[in-house]
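Structure, as structure tokens:
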Amino acid sequence: MKCEHCTRKECSKKTKTEDQENASAEVSSLAQENGEKGEFRKLADAKIFLSDCLACDSCVTAEEGVQVSQQNAKDFFRVLNLNKKCDRSQHKVLVVSVCPQSLPYFAAKFRLSVTDASRRLCGFLKSLGVHYVFDTAVAADFSILESQKEFVRRYQQHSKEEPALPMLTSACPGWVRYAERVLGHPVTPHLCTAKSPQQIMGSLVKDYFARRQNLSPDKIFHVIVAPCYDKKLEALREDLPTTSHGSRGADCVLTSGEVVRMMEQSDHAVRDAAVDTLFGGLKEEEVRRHDGASSDGYLAHVFRHAAKQLFDEDVGEVTYRTLRNKDFQEVTLEKNGEVLLRFAAAYGFRNIQNVVLKLKKGRFPYHFVEVLACAGGCLSGRGQAQTEDGRVDKALLRQMEGIYADIPVRPPETSAHVQELYQEWLDGADSPRVQEALHTMYQGAGLPAGSRDIKW
């Protein structure tokens with residue numbers, strides 16, 4: 001099995017564990033015991049795609065293999081069925097949070113508008129026994145806002161003696177895992193410390209939402225629906241249970257493709273349902289996205305904020321210039337012939353390698369780089385838009401890109417809910433709780449230099 005982002009033909013790794021091989025049978029057994037006629041017996045299990053095998057020449061460890069194999073439908077159905085069998089005092093509150101980049105896949109697969117697809121997905125999950133379904137847009141708001149503030153701070157503190165730039169985004173778990181496990185220093189100090197939307201959503205659900213519902217965090221089983229397998233690895237990060245709730249933020253991660261297979265194989269009668277909000281009885285909000293063609297658009301949001309805060313320049317539409325390929329683009333802010341800001345977007349590991357090599361050689365012209373492991377961005381995640389033989393379904397992907405582009409953009413600064421949460425949940429935008437709940441630290445040991453010698 002090749003790794004998710006690997007492009008080397010000679011790299012083929014066996015990662016499937018015995019636990020994974022038995023998972024389909026156990027899910028089927030759980031469903032049959034519950035009188036569901038084994039409707040999910042054909043569900044595929046989570047596959048392990050370790051991004052950093054590009055350079056480290058080692059597979060997922062046996063322990064990680066077992067842990068990741070638990071991030072699948074088997075664990076989800078285990079909790080669903082326990083809720084139907086055990087004493088009510090032992091029940092879990094099931095919460096599912098859906099990434100915005102997953103919705104175009106559901107819309108394309110079921111030929112619905114993105115709003116109707118969101119409601120159909122919500123209705124299906126609730127027909128299974130899920131109590132709440134949220135989207136993760138508010139978590140991405142927090143991540144982008146904290147990234148904006150951190151970039152301005154780094155820019156103002158940067159010097160040749162103590163370089164704080166470039167700042168590299170940290171929302172992509174495949175990239176972060178690669179940086180931590182393989183690259184180490186001098187790359188990890190440049191990673192933005194703002195947590196990813198998935199990590200922040202975990203804190204929102206297990207801390208803020210739990211307190212609003214008078215629930216202990218361990219009474220909530222939190223599932224993330226995401227476009228890529230790397231999100232499963234992100235859920236296992238050792239530093240995630242560090243916030244005040246002391247509980248892992250995401251208990252299970254399902255890819256969009258796994259959920260679609262569940263929906264296709266289900267005999268449940270499904271009624272569309274409105275997506276819930278974290279704020280109680282408020283009505284369903286319009287589906288929205290951030291300003292990225294296939295992702296949360298950290299580059300565009302940070303660029304506009306930095307231009308205004310540092311140079312008092314108002315930037316409307318961000319103009320991208322394609323360089324080496326369509327997945328490596330540049331954005332600049334210029335005044336009187338001088339380049340004030342130079343940002344880049346680097347998607348896919350070939351482009352990431354070029355970024356890393358330039359950074360190590362000290363010939364790096366960029367102040368900020370939005371880094372994503374998947375070529376084409378988050379919409380192209382291997383957990384969706386794949387053919388049966390594992391290739392990218394290009395026609396489906398083009399359809400998804402059109403659907404995503406039509407979703408209204410709302411800048412995170414305009415979200416009244418986020419500003420309320422800063423006060424109500426975190427005691428203010430500059431309080432110590434912000435650092436605890438919205439920021440993280442990175443491991444930086446890396447592997448010996450010899451293992452990083454890659455030739456493309």
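Residues take their numbers from the sequence shown, with the count starting at 1.
- Distance CZ/Phe151 to NE2/His158: 10.0 Å, rounded to 0.5 Å.
- No donor-acceptor pair closer than 3.5 Å links the side chain of Glu258 to the backbone N or O of Ala73.
- In this structure a side-chain-to-backbone donor-acceptor pair under 3.5 Å is missing from Thr136 to Ala139.
- Here the side chains of His367 and Leu333 are not in contact, with every heavy-atom distance at 4.5 Å or above.
- A donor-acceptor distance shorter than 3.5 angstrom exists from the side chain of Lys232 to the backbone of Val253, with no hydrogens or angles considered.
- Rounding to the nearest 0.5 Å places CD of Gln199 at 5.5 Å from OG1 of Thr440.
- Under 4.0 Å is where a charged nitrogen must lie from a carboxylate oxygen, and between Glu146 and Lys149 at least one such pair does.
- Smallest separation of non-hydrogen atoms from Ala385 and Met400: CB-SD, 3.7 Å.
- One finds no salt bridge joining Arg398 and Glu401 here, because no Lys/Arg side-chain nitrogen approaches an Asp/Glu carboxylate oxygen to under 4.0 Å.
- Using modelled atom types, no side-chain atom of Asp207 and backbone atom of Ser203 make a donor-acceptor pair closer than 3.5 Å.
- Checking each of Val98, Val96, Val275 against Leu121 for a side chain to side chain contact (heavy atoms under 4.5 Å, CB included) leaves exactly one that passes, namely Val98.
- Atoms OH and CZ, from Tyr320 and Phe343 in turn, are 10.5 Å apart once rounded to the nearest 0.5 Å.
- Formation of a donor-acceptor pair under 3.5 Å by the Trp175 side chain with backbone atoms of Thr169 is found in this model.
- Side chain of Glu370 to backbone of Tyr298: a donor-acceptor contact under 3.5 angstrom is found.
- Atom CZ of Arg154 has more than 12 heavy atoms from other residues, nucleotides or ligands within 6.0 Å.
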- Task: Apply the test side-chain contact (heavy atoms from CB on, under 4.5 Å) to residues Val133 and Phe124: give CA-CA distance (whole Å), side-chain angles for both, the deciding distance (0.1 Å), then the verdict.
- Result: CA-CA 10 Å; Val133 179; Phe124 170 73; over 6 Å; no
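- Looking at every heavy atom in both residues, Leu426 comes nearest to Arg433 through O-CB, 3.7 Å.
- Two residues are said to be in side-chain contact when any heavy atoms from C-beta on lie closer than 4.5 Å; Pro186 and Leu359 fail this criterion.
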- Task: Decide side-chain contact (heavy atoms from CB on, under 4.5 Å) for Leu341 and Tyr155; before the verdict, give the C-alpha distance in whole Å, the side-chain angles of both, and the deciding distance to 0.1 Å.
- Result: CA-CA 10 Å; Leu341 291 173; Tyr155 187 95; 4.0 Å; yes
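- Across all their heavy atoms, Ala171 and Lys231 have their closest contact at O-NZ, 3.8 Å.
- Ion pair Asp312/Lys335 not flagged as a salt bridge, since none of the NZ, NE, NH1 or NH2 atoms sits closer than 4.0 Å to an Asp/Glu carboxylate oxygen.
- The line from CG of Asn325 to CG of Asn351 is 4.0 Å long, rounded to the nearest 0.5 Å.
- Between the side chain of Tyr105 and the backbone N or O of Leu396, no donor-acceptor pair lies under 3.5 Å.
- Aromatic ring centres of Tyr422 and Phe142: separated by under 6.0 Å.
- Of all non-hydrogen atoms in Ala194 and Ser170, the two that sit nearest each other are O-OG, 3.0 Å.
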- Query: What's the verdict on side-chain contact (heavy atoms from CB on, under 4.5 Å) for Gln384 and Lys109, showing C-alpha distance, side-chain angles and the deciding distance?
  - Reply: CA-CA 10 Å; Gln384 59 186 27; Lys109 289 290 286 185; over 6 Å; no
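- Few gaps surround CD on Glu264; more than 12 heavy atoms of other groups in view lie less than 6.0 Å from it.
- Between the side chain of Thr387 and the backbone N or O of Asp393 there is no donor-acceptor pair closer than 3.5 Å.
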- Could you walk me through whether Ser97 and Val205 pass the side-chain contact (heavy atoms from CB on, under 4.5 Å) test, one step at a time? CA-CA 9 Å; Ser97 298; Val205 168; 4.1 Å; yes
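- At a threshold of 4.5 Å between non-hydrogen side-chain atoms, the residues Glu330 and Tyr366 count as touching.
- Between Asp116 and Phe110, every side-chain heavy-atom pair lies at or beyond the 4.5 Å cut-off.
- Counted by atom type alone, Glu413 and Gln148 present one or more donor-acceptor pairs between their side chains at under 3.5 Å.
- Using a 4.5 Å cut-off on side-chain heavy atoms (C-beta onward), Val392 and Ser380 make no contact.
- Rounded to the nearest 0.5 Å, atoms CZ (Arg177) and SG (Cys172) are 12.0 Å apart.
- Residues Pro227 and Ser102 meet the side-chain proximity criterion, which asks for heavy atoms closer than 4.5 Å.
- The ring-ring contact (aromatic ring centres under 6.0 Å, His included) check on Phe106 picks up nothing, with sequence neighbours excluded.
- A distance-only check finds no donor-acceptor pair linking the side chain of Arg410 to the backbone of Arg288 [under 3.5 Å].
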- Task: Apply side chain to side chain donor-acceptor pair (under 3.5 Å) to Ser196 and Glu234, showing your working.
- Result: CA-CA 9 Å; Ser196 71; Glu234 182 178 25; 2.4 Å; yes
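- Surrounding CG of Asp430 are at most 12 heavy atoms belonging to other residues, nucleotides or ligands under 6.0 Å away.
- Gln198 and Ile224 get closest at one heavy-atom pair: OE1-CG2, 3.6 Å.
- When all heavy atoms of His190 and Pro163 are compared, the closest pair comes out as CE1-O, 4.4 Å.
- Put simply, the side chain of Asn336 never gets that close to the backbone of Glu338: no donor and acceptor are under 3.5 Å apart.
- Between Leu438 and Lys195 there is no side-chain heavy-atom pair separated by less than 4.5 Å.
- To the nearest 0.5 Å, the span separating OG on Ser431 from CD on Glu436 amounts to 9.0 Å.
- Using a 4.5 Å cut-off on side-chain heavy atoms (C-beta onward), Met262 and Leu128 make contact.
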